[in-house]
Undergrad: 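This structure is in structure tokens; I'll ask about it shortly.
Below, chains carry the letters A, B, ... as their sequence lines are ordered, and counting in each starts from 1. It should be emphasised that the depicted structure is a prediction, and the values quoted were computed from it without experimental measurement.
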Protein chains: 2
Amino acid sequence: MRQKSGDKDKRIAAAAIRVFARDGFHGAKITRIAREAGVATGSVYLYFKNKESILHHLFDALWKELHAAFDEVAHRRDLTAHEKVEEIIDRIFDQFGRDPSLALLFVNEQHQLLRQESGRFMQYYVDFLQLGERVVREGMRSGEFRSDIDARMFTNLVFGAARQLLHQWARAPRQFPLPTVRRQIKSVFLHGLLASR
Amino acid sequence: MRQKSGDKDKRIAAAAIRVFARDGFHGAKITRIAREAGVATGSVYLYFKNKESILHHLFDALWKELHAAFDEVAHRRDLTAHEKVEEIIDRIFDQFGRDPSLALLFVNEQHQLLRQESGRFMQYYVDFLQLGERVVREGMRSGEFRSDIDARMFTNLVFGAARQLLHQWARAPRQFPLPTVRRQIKSVFLHGLLASR
DNA sequence: ACTGGGACTGAATCACAATTCAGTTATAAG
DNA sequence: CTTATAACTGAATTGTGATTCAGTCCCAGT
């Protein structure tokens, strides 16, 4: 009997990232994904239950990696809270910086999943925010951070800001070079906009 | 001959905000919008060319108001750059704070429009960002702001952060009371997270 | 008090694209 | 070399929901 060719699932997933990023989940046609992956339309359904499950597969992999990265940082003993905040920001950009399509996908289609039933993706999201919150609290206890900041809101600020700049970078990488973006985010969030008093 | 009943267009638009916000643009059914507006399905097409044009109508109104508000703030002579930044943040929240559905709509469906042809919405967006940029530069010239910050990126940071907190607020107003949110955003962006040296 | 024409209705039409499946092809096992 | 079975194909099927339109309903003008 015949063997599955081995990398079709990878090729389909990779094509889906590009097509979802370009056309949006709803604008993306399965036939287009299949064509870009170099397989027949029907073959997509040998590897994925349906269109939505492709999206799930992609986000699942994405969040798993993010989660692992964050978790590792949060538990490091050798970093101050300040350094952890910087490291977490770096990890976000490490994750998406390799592929603008991946960044666009994440930035534009995440809300589809939050609307969804299962709550699986909601969980990743909540976990991430809680983890950020924990790091900020840690910094407050140690006196590194101002204690009049709401840790949950701060984490959301960083997440939202990173999301926005990732989006801009993905649309025009030259206008928003990633090294500069990282530097600016850290600098603004840690020191603020005002000239030092 | 008969007169148009007068407020059907308003009722349809208002219903559309709720339905788009709840179900997303693609998940929203015209029949549902009509039902919530208390009109027949077909009537929607007497007031709007098609589903997409409803979205356009809503965003057009939204951006026009935002644009007017920002423009006014940017040209005020009686405010320092610092105060302008705070005022712009306030205007964003004034605009959306009255209606969580409006906030969700803006936050979740904006990207549909940026993908679109005409560039009409892109223009609003770009204008807003340039305006923010201008205010930041102004503050740098006057010495109020640090001059090692990239003005364009800073504006994006604020926009992205505001978007995220608006989203969280719309999903759970109690968890993210708007007055606190405003205060935190301003405080973090102006002074940063670190305890003062 | 009639009537012409626009407002309004909602069931029927229609377009589109996700999904299926009957047929074809490749290859592992004997 | 055969054959059985699973991989693979892409045209046909199908479900869904946006849009249309044939008919009603109202009322401004006469």
Undergrad: Mind checking if A/Tyr47 touches a base, just sugar-phosphate, or nothing, with heavy atoms under 4.0 Å?
TA: sugar-phosphate

Undergrad: Output the rounded distance in Å from CG (A/Asp23) to P (C/dA17).
TA: 11 Å

Undergrad: In terms of the nearest nucleotide of DNA chain C, which residue is placed more toward the 5' end: A/His26 or B/Gly42?
TA: B/Gly42

Undergrad: It should be established whether A/Ser43 places a side-chain nitrogen or oxygen under 4.0 Å from OP1 or OP2 of nucleotide D/dT9.
TA: yes

Undergrad: Kindly compute the distance separating CG (A/Leu193) from CZ (B/Phe189), expressed to the nearest 0.5 Å.
TA: 9.5 Å

Undergrad: Please tell me which of the listed nucleotides, C/dA11, C/dT9, D/dT9, lies nearest to the side chain of A/Leu46?
TA: D/dT9

Undergrad: Check the angle between the aromatic planes of B/Phe70 and B/Phe128 and answer parallel, tilted or perpendicular using the 30° and 60° thresholds.
TA: tilted

Undergrad: In whole Å, what is the span from the CD1 atom of B/Ile30 to the P atom of D/dT16?
TA: 18 Å

Undergrad: Which heavy-atom pair separates A/Ile54 from A/Phe20 by the least distance, and what is that distance?
TA: CG2-CE1, 4.0 Å

Undergrad: Figure out the NZ/P separation between A/Lys29 and C/dA17, and round it to whole Å.
TA: 4 Å

Undergrad: Does the plane of the ring in A/Tyr125 sit parallel, tilted or perpendicular to the ring in A/Trp63? Use 30° and 60° as the thresholds.
TA: perpendicular

Undergrad: Which nucleotide wins on minimum distance to the side chain of B/Lys51, given the candidates C/dT9, D/dT19, D/dT9?
TA: D/dT19

Undergrad: Counting only side-chain nitrogens and oxygens, does A/Lys8 get under 4.0 Å of the OP1 or OP2 atom of D/dC8?
TA: yes

Undergrad: Calculate the interatomic distance between B/Phe25 atom CZ and D/dA18 atom C1'; express it in whole Å.
TA: 10 Å

Undergrad: On the 0 to 90° scale, with breaks at 30° and 60°, tag the B/Phe59-B/Phe121 ring pair as parallel, tilted or perpendicular.
TA: perpendicular

Undergrad: Side chain of B/Thr41 only, heavy atoms from C-beta on: which candidate in C/dA18, C/dG10, D/dT9 is closest?
TA: C/dG10

Undergrad: In whole Å, I'd like the distance from the OH atom of A/Tyr45 to the C1' atom of C/dA17.
TA: 9 Å

Undergrad: In whole angstroms, how far is the C1' atom of C/dC8 from the CD1 atom of B/Ile12?
TA: 11 Å

Undergrad: Roughly, in whole Å, what's the span from NZ in A/Lys49 to C1' in C/dT19?
TA: 11 Å

Undergrad: So A/Val39, base contact, sugar-phosphate only, or nothing? Heavy-atom distance under 4.0 Å.
TA: sugar-phosphate

Undergrad: Output the rounded distance in Å from CG (B/Asn50) to C1' (D/dG17).
TA: 14 Å

